[in-house]
2 protein chains.
Amino acid sequence: MTSGEIVDASEGDVGSARSGEKSRRDILDAAARILRRRGYHATTLRTIADAVGIKAGSIYYHFASKDEIIAAVMNDGVDAVRRAVTEALAGLAATASLEERLETAVRAHLHALLEFGDYTSAGLKAYSEAPEPVRDAARPHRLAYEAIWDRLAEEIVAAGATGTGVSARSLKLALLGMMNWSPEWYRPDRHRVDDLAREFTALVLSRRG
Amino acid sequence: MTSGEIVDASEGDVGSARSGEKSRRDILDAAARILRRRGYHATTLRTIADAVGIKAGSIYYHFASKDEIIAAVMNDGVDAVRRAVTEALAGLAATASLEERLETAVRAHLHALLEFGDYTSAGLKAYSEAPEPVRDAARPHRLAYEAIWDRLAEEIVAAGATGTGVSARSLKLALLGMMNWSPEWYRPDRHRVDDLAREFTALVLSRRG
DNA sequence: TAGACTGTCTAACGTTTGTTAGGTCAAGTC
DNA sequence: GACTTGACCTAACAAACGTTAGACAGTCTA
């Protein structure tokens, strides 16, 4: 809890299928689910253990500390949304318009955040609560993801497709803001990700590029 | 901590000047300052007491529980930003354009959130971490404030001043999102509220109303 | 079949948290 | 000058937290 560094325990690729691998994944799944709804401090090792069906002490067979679990969830979450957005953009025709590309990226981000799994939203919520070492471990993952939006924002500004005098930096921050704030108000029975993606895109891209 | 309801201890008007009133205000100030930077759980009664220069137990002379303090800070914060935005809009000439009005409101909101005092940003950060009763006590204050943005968004959509197919509801959520996410990235030495307000307005209002 | 390894459990530890009961002491009131 | 009140303190409480040590059963390996 007190000491220095958090080892990056996020899963680059799915490991082999030993018996303990399942428990390890179960622990991360439960942690993400609880983290998403309750936040960093309310996500206790005993709560996680209960959800998995083991005892709190047994978690230490798989992880060295609580913060290692949190960091793994956070980083897996950022990596997941980065892959989702990257693949969605890669699936587009080379002739796709700027509007199509932005809407696709926004939809992929919102989908990862609001509908698919708990990791991304869990990481987003936990980040501001988590202690410094956890945030430090997450920073490289975040920067790698934000680079996608840096490039998109620069394209939009260069094309003159948004309001005059808007810098690419501010455009990126505004886009990430309106998307990342959505867990605060999104209700599956009241909103649809496709609609939101279309509206957010139209909002930003009033001048067609 | 466990039980039911949180009495609304926010200060509608500044009370008379008894000796204990200063301590009470000091406690709220310290709580807001710590809450803003550290969040709900890291804001402990002993930390608050230390900052004020009294002992933790003495806080209970002024407040019935920790959550009563948190709720008071949160509600004062929302009321403060509501007053700030309302007064800024009221200070505008009756002939002010829609663009002027939106930029003024955005600037007042960002100013309250990023530069003026700790209450508003503290409340924003604590809200998602706080237990249900605290959030319940905050809801009326939040709704009263959001009504301002509901009306502004409806005006903008009615004037056709933003992207086509954007609902007033989504416009409000997008605006609040890009503004309320700003504490995550704002640095006083790197950004200026006036610039951000101008850019956010231009972003949303590409079609002049 | 002996021994090592895996995965989990029990049972505690030290710390921190919100909270409370009861005491203290100066300032104001009758 | 007795008494009340306001404002604070001391000292503890139970609960919850992350974490650890050591035991135990099942499975794999030599």
Side-chain angles (χ1 to χ4, degrees), chain A residues 1-7 9 15-31 34-35 38-73 126 129-134, chain B residues 1-7 9 15-31 34-35 38-73 126 129-134:
Chain A
M1 192 71 186
T2 62
S3 69
E5 210 143 319
I6 297 295
V7 61
S16 60
R18 287 212 321 287
S19 155
E21 286 299 326
K22 172 163 171 17
S23 289
R24 189 192 152 85
R25 180 47 71 182
D26 285 349
I27 291 169
L28 289 176
D29 283 349
I34 301 164
L35 206 59
R38 315 286 310 281
Y40 175 85
H41 280 95
T43 302
T44 85
L45 292 177
R46 284 168 178 85
T47 314
I48 297 173
D50 273 4
V52 177
I54 60 176
K55 299 297 177 179
S58 307
I59 292 181
Y60 283 83
Y61 180 78
H62 301 278
F63 297 94
S65 70
K66 167 180 176 175
D67 283 350
E68 193 179 296
I69 301 175
I70 307 293
V73 168
E129 277 184 76
E132 198 89 1
V134 178
Chain B
M1 191 75 182
T2 63
S3 69
E5 211 143 321
I6 297 295
V7 61
S16 60
R18 289 210 320 286
S19 157
E21 287 299 326
K22 171 164 171 16
S23 290
R24 189 193 153 83
R25 179 47 72 181
D26 285 348
I27 290 170
L28 289 177
D29 285 348
I34 300 164
L35 206 58
R38 313 286 311 280
Y40 176 85
H41 281 95
T43 302
T44 151
L45 290 176
R46 285 168 177 84
T47 313
I48 297 173
D50 273 3
V52 177
I54 62 177
K55 298 299 176 179
S58 308
I59 291 182
Y60 283 83
Y61 179 78
H62 301 278
F63 297 94
S65 69
K66 168 181 175 174
D67 283 350
E68 192 178 298
I69 301 175
I70 307 293
V73 168
E129 276 185 77
E132 197 87 2
V134 177

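Residue numbers begin at 1 in each chain, while the letters A, B, ... track the order of the sequences.
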Are any protein N/O atoms closer than 3.5 Å to N/O atoms in nucleotides 23-28 of chain C? If there are, list each pair with its distance.
none

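Spacing between atom CZ of A/Arg46 and atom C1' of D/dT19 amounts to 9 Å, rounded to whole angstrom units. What separates CG of A/Asp50 from C1' of D/dC17 is a distance of 14 Å, to the nearest Å. B/Ile59 has its CD1 atom 13 Å from the C1' atom of C/dT17, to the nearest Å. In this entry the distance linking CZ of B/Arg38 with C1' of C/dT17 reads 15 Å, nearest Å. Atom CD1 in B/Ile27 sits about 14 Å away from atom P in C/dG18, given to the nearest Å. One atom, OH of B/Tyr60, and another, C1' of D/dA7, lie 17 Å apart when rounded to the nearest Å. At whole-Å resolution of the value, CZ in B/Arg24 and P in D/dC8 are 13 Å apart. In this entry the distance linking CD1 of B/Ile70 with C1' of C/dT19 reads 15 Å, nearest Å.
Side-chain N/O atoms of A/Lys66 include one lying less than 4.0 angstrom from OP1 or OP2 on D/dG18. Residue A/Tyr61 has a polar side-chain atom (N or O) positioned under 4.0 Å from OP1 or OP2 of C/dG7. At least one side-chain nitrogen or oxygen of B/Ser23 sits closer than 4.0 Å to the OP1 or OP2 atom of D/dC8. Of the side-chain N and O atoms in B/Thr44, none sit less than 4.0 angstrom from OP1 or OP2 of C/dT16. A sub-4.0 Å separation between OP1 or OP2 of C/dT8 and a side-chain N or O of A/His62 is present.
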Q | Step-by-step side-chain contact (heavy atoms from CB on, under 4.5 Å) determination, A/Ile27 to A/Arg24 | A | CA-CA 5 Å; A/Ile27 291 169; A/Arg24 189 192 152 85; 5.7 Å; no

**Q.** Trace of the salt bridge (charged side-chain N to carboxylate O under 4.0 Å, His left out) decision for B/Asp50 with B/Arg46
**A.** CA-CA 6 Å; B/Asp50 273 3; B/Arg46 285 168 177 84; over 6 Å; no

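Between A/Ile69 and A/Thr43 there is no side-chain heavy-atom pair separated by less than 4.5 Å. Side-chain contact between A/Pro131 and A/Asp67 is present, with at least one heavy-atom pair separated by less than 4.5 Å. Proximity of B/Glu129 to A/Tyr40: side-chain heavy atoms (C-beta onward) are nowhere separated by under 4.5 Å.
Nearest nucleotide to the A/Ser58 side chain, out of D/dT19, C/dT8, C/dT19: C/dT8. Distance from the side chain of A/Lys55 is smallest to C/dC9 among D/dG18, D/dG6, C/dC9. Of the candidate nucleotides D/dC8, C/dT8, D/dT19, C/dT8 has the atom lying nearest to any side-chain atom of A/Ile54.
The nearest pair of heavy atoms linking B/Leu45 to B/Ile59 is O-CD1, 3.5 Å. The heavy-atom pair separating B/Ile70 from B/Ala126 by the smallest distance is CG2-CB, 4.4 Å. Across all non-hydrogen atoms, the minimal contact from B/Ala42 to B/Ile34 is O-CG2, 4.4 Å.
Backbone-only engagement by B/Thr43 is indicated by non-hydrogen atom pairs under 4.0 Å involving sugar-phosphate atoms exclusively.
Of the two residues contacting DNA chain D, namely A/Ala42 and A/Gly57, the nearest-nucleotide position lying further toward the 5' end is that of A/Ala42.
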